[in-house]
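Scroll down for the structure; my scribbles are underneath it.
Within every chain, numbering begins at 1; the chains are lettered A, B, ... in the order of the sequence lines, protein sequences first and strands thereafter.
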Amino acid sequence: MDLNEQYKNVFRYCISHLHDQQTAEDVTQETFLRYLEHPEYRNSGKEIQYLYTIARNLCIDEYRRKSHTAEELPPELPDGSIREEDWIDRITLRSILDRLPEEEREIITLRYLSEVSVADIAKLYGVTWFSMNRRIKRILGKMRTEFEEREGSE
Amino acid sequence: MSRKFNRALKGLPSVYPSPDPDRMNAFLEQLPAQEKEHRYLFPLLHMGGRPLRFMMPAVAVAAVMLVAGIGVYQNSGQHKLPYLPPQETIAQTATDAASAAASEAQQGSGASPSASAPQGADLTEQEPPQSTSAFFGPVLPPGYSPVVTPPAAGEWTTDPVEPSEDDASPTMPAQTSPAQTSTEEEPATVEDPAPTRRPQETSATDPPMIDPAPPVTDPGIQEPTASPPTDIRHPTDEPPFAPSDSAPSACPDPTAFYEPTDAIDTTEQPPYRDLRVSPLYKYSVSGHVVPFPENVFEPGDELHYGEALSNEELRRLINASDLIVLADVTDCYYTRIRTEAWTQLNLSIRNVIKGDCNAGDQISVYEHGGYILLWEYRMIADVSDGYFSDLEPDTTLSFTGIRTTGGMYLFFLRHAQLPNIPSRAFVYAKEDAISRYHQLDGDLYSSANERTLKFSDVIRYR
């Protein structure tokens, strides 16, 4: 497991839930520390599942502790390599994602922000690969419809 | 619009903040040290990842059993070796010939044997020679010679196998190379009453089961190979080491080394294995086909649609595969597993890149998606939706999938370990569209979601 890559992925997962950079960093680091405390987690073939289960529980704890209100996360500023139109599309898509129901947002976040494989997400949710794949496609279809509606209205 | 959405989806991570690189690097640099600290700070608390409190009872029980076992062993006296006079057997063996000669000479001259015989002869009389056999081998009857009597001239039609110098015991003859077998079987003047298994030979007149010319002539590809000859060298019904009438009954029967010829299947074996399975249901596609609502199973990974597979992805795909083959789709059946539509493909393998199949083998692959007749679907699933009530009973529901048609493909497969799928069947190694490729142009192959790979890379990384 590439810790550097996973750190970024877990951080994206946390910030999509917590909407706060500092808290997301803290939770990400706490996730890795707890993961490494348990040697039985490693080399078990379920490292990703353990990692995101810990991260999810910590995010829930943090959310409850601070009685978070769903603040709008300020968008990152685009760098020069991205066209403005593409950047707007991404911001639009992110706002659609933020308005999804909790479980659907979680699944899409895991898949497309943290780049967790469908197989690992399916194991996290205790469903088959096919079932999870269909669920992802269904959510994407919903997001695509809303995306097109917004594009059409502009 | 769909491409725009996909592009936005792919770039979605960029609109989220990135972790602070300084803080991230500092944390990750500390991680190995912390890992060591956890591992070695309290080494007694963990043993192989398990807390010692779980290991202690097992260690205590093992120690008690060990002590008890040693005590029983010592009390029984079994640890003491049996007494064996050290010089008797050696002296008997060394002086056997000399004492016999001496006694013969003394008998002939009438002198007392004790007067001139060496001391070893006296010991031989005190200790019977059978005592050596208890330690050095079975009792051999007098007069038995372990040397095999050669057969009379013309008794064997071929030369017997020359035993090697290291192995003087009569063992099963080694299998010969195909060239040897063919030359030795040539003088077939002697009838062979015992049906022995012949090496599988494909004559030029036999119709080929598959196209013998592989489409890709890469040197790394396994060519179809004939099974090794299993013929045993002796052409007659008697093995070369058959016991003669003069052999004593105590001699171990050398025929025990040979497999009974009755057990060998002499029927002509095809040069391939048929590993296909039969689908439980077979659905035909009627004229009126409607898509299943919420039918969103589409091939393709939206994140990397149309991209070439990276080397890392290809390695992972190869590692996940039990079988990588170039194969022709010969049959296609629409079936179902529980309420999900599946398609069974029967493949005829052209070339094996990885796995334990051979070219010419026929296998079955289960692919997600297909067609189910509506009236059948009504019986197995909840179709109370008004959508279905508007449809004619003979309608076919279409469940989208990867949709493999006939032709040659490169498959990355693994053994099906899914419930309700026959265990002999295969499924896609990665369960998505990047496990099946059709030839796009020369060395380039493309999957259903237009992800490409080079065949030469598959050979390189397999």
Task: Step-by-step side-chain contact (heavy atoms from CB on, under 4.5 Å) determination, Met143(A) to Phe5(B) - done: CA-CA 9 Å; Met143(A) 290 174 70; Phe5(B) 175 81; 4.0 Å; yes
Open item on the list: Does Arg144(A) form a side-chain contact (heavy atoms from CB on, under 4.5 Å) with Asn6(B)? I'd like the steps, not just the answer.
Closed with: CA-CA 9 Å; Arg144(A) 185 183 286 115; Asn6(B) 289 340; 3.8 Å; yes
Open item on the list: Could you go through Val15(B) and Leu93(A), starting from their C-alpha distance and side-chain angles, then the distance that decides it, and tell me whether this counts as side-chain contact (heavy atoms from CB on, under 4.5 Å)?
Closed with: CA-CA 10 Å; Val15(B) 294; Leu93(A) 195 60; over 6 Å; no
- [ ] Run the numbers on Thr28(A) and Phe27(B) for side-chain contact (heavy atoms from CB on, under 4.5 Å), then give the verdict.
- [x] CA-CA 10 Å; Thr28(A) 302; Phe27(B) 176 75; over 6 Å; no
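Residues Trp87(A) and Ser14(B) approach most closely at CH2-O, 3.4 Å, considering heavy atoms. Of all heavy-atom pairs spanning Arg94(A) and Tyr16(B), the tightest one is CG-OH, 3.0 Å. The two atoms that bring Ser18(B) and Gln21(A) nearest to each other are O-NE2, 2.9 Å, heavy atoms only. Between Ala8(B) and Arg90(A), the closest heavy-atom pair is O-CG, 3.7 Å.
Rounded to the nearest 0.5 Å, atoms CG (Leu9(B)) and CZ (Arg111(A)) are 9.5 Å apart. Here the NZ atom belonging to Lys4(B) is positioned 10.5 Å from the CD atom belonging to Glu148(A), to the nearest 0.5 angstrom. In this structure, Leu12(B) CG and Tyr112(A) OH are separated by 10.5 Å, a value rounded to the nearest 0.5 Å. Within the model, atoms CZ of Arg23(B) and CZ of Phe11(A) stand 9.0 Å from one another, a figure rounded to the nearest 0.5 Å.
The contact between Leu97(A) and chain B is made entirely by side chain atoms (from C-beta outward), counting heavy-atom distances below 4.5 Å. Of the two parts of Glu146(A), neither the backbone nor the side chain holds a non-hydrogen atom closer than 4.5 Å to a non-hydrogen atom of chain B.
Listed for the Glu25(A) side chain is a donor-acceptor partner under 3.5 Å among the backbone atoms of Asp20(B).
Salt bridge annotation for Asp86(A)-Arg7(B): present, with a cationic side-chain nitrogen under 4.0 angstrom from a carboxylate oxygen.
Looking at Met24(B) and Gln29(A), their side chains never come closer than 4.5 Å, going by heavy atoms from C-beta outward.
Interface remark: of the candidates Asp89(A), Leu113(A), Val118(A), Leu113(A) forms the most heavy-atom pairs closer than 4.5 Å to chain B.
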